[in-house]
Amino acid sequence: MERRGPGDARHVAAAWAGDGTYTDPAADVSGHDGIAAVIAAVQERFPGFEFPLTGDVDGHHDTARFFWELVSVAHGSAPVAGSDVITLDGQGRIRAVLGFLDRVPAGA
């Protein structure tokens with residue numbers, strides 16, 4: 001079955017610079033393949049969940065920060081919450097994401 005969505009290689013290539021990086025407490029990857037793999041791993045671990053923002057995006061120059069929760073579409077629980085700082089390249093693609101986890105399930 002073909003994967004579609006944010007982890008799809010076409011979406012990653014459109015949104016991210018070729019040498020883009022993603023770093024959080026559980027991952028430190030670079031390039032389209034590494035970023036797609038992290039997205040796929042999260043989608044596999046948390047099927048039926050979405051990442052809505054929990055406030056406004058605050059940014060200046062080529063950098064922005066935002067807060068989010070990982071929310072179950074079925075029952076609305078949000079076991080994970082965090083914030084990201086994102087840097088864009090000159091063409092508006094993601095150059096780097098630094099993720100912070102503020103709430104995680106016990107034992108995770």
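Glu44 meets the side chain to side chain donor-acceptor pair (under 3.5 Å) test with no other residue; sequence neighbours excluded. Among residues two or more places apart in sequence or in another chain, the side chain to side chain donor-acceptor pair (under 3.5 Å) test is passed with Asp28 by Thr23. Under the rule for a side chain to side chain donor-acceptor pair (under 3.5 Å), the partners of Asp62 that lie at least two apart in sequence or sit in another chain are Arg95. For Asp24, there are no salt bridge (charged side-chain N to carboxylate O under 4.0 Å, His left out) partners, not counting sequence neighbours. Scored by the side chain to side chain donor-acceptor pair (under 3.5 Å) test, Ser72 finds His75 as partners (sequence neighbours excluded). Partners of Ala64 by side chain to side chain contact (heavy atoms under 4.5 Å, CB included), not counting sequence neighbours, listed by chain and number: Val57, Ile86. Applying the ring pair (Phe, Tyr, Trp, His ring centres under 6.0 Å) criterion to Phe66, with sequence neighbours excluded, gives no partner residue.
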Test log, rule side-chain contact (heavy atoms from CB on, under 4.5 Å), inputs Val97 and Thr21: CA-CA 6 Å; Val97 172; Thr21 61; over 6 Å; no

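Residue pairs meeting the side-chain hydrogen bond (donor to acceptor under 3.5 Å, both in side chains) criterion with at least one partner in residues 47-57, sequence neighbours excluded, do not occur; the list is empty. Under the ring-ring contact (aromatic ring centres under 6.0 Å, His included) criterion, no residue pair touches residues 14-43, with sequence neighbours excluded. Annotation: ring-ring contact (aromatic ring centres under 6.0 Å, His included) contacts involving residues 37-57, sequence neighbours excluded, comprise Phe46-Phe49, Phe51-Trp68. Under the salt bridge (Lys or Arg N to Asp or Glu O under 4.0 Å) criterion, the residue pairs touching residues 83-92 are Asp89-Arg93, with sequence neighbours excluded.
Shortest non-hydrogen contact noted between Ala27 and Val38 is CB-CG2, 4.0 Å. Here the closest non-hydrogen pair linking Pro52 and Val71 is CG-CG2, 3.7 Å.
Note on Ile94: it clusters hydrophobically with Val42, by side-chain heavy-atom contacts below 4.5 Å among ILVMFWY residues.
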Taking distance alone, no hydrogens or angles, what donor-acceptor pairs closer than 3.5 Å link side-chain atoms of residues 98-105 to residues at least two apart or in another chain?
residue: Arg103; atom: NE; partner: Ala78; partner atom: O; Å: 3.2
residue: Arg103; atom: NH2; partner: Glu69; partner atom: OE2; Å: 2.9
residue: Arg103; atom: NH2; partner: Ala78; partner atom: O; Å: 2.9

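Atom-to-atom distance recorded for Leu70:CG and Ser77:OG is 8.5 Å, nearest 0.5 angstrom.
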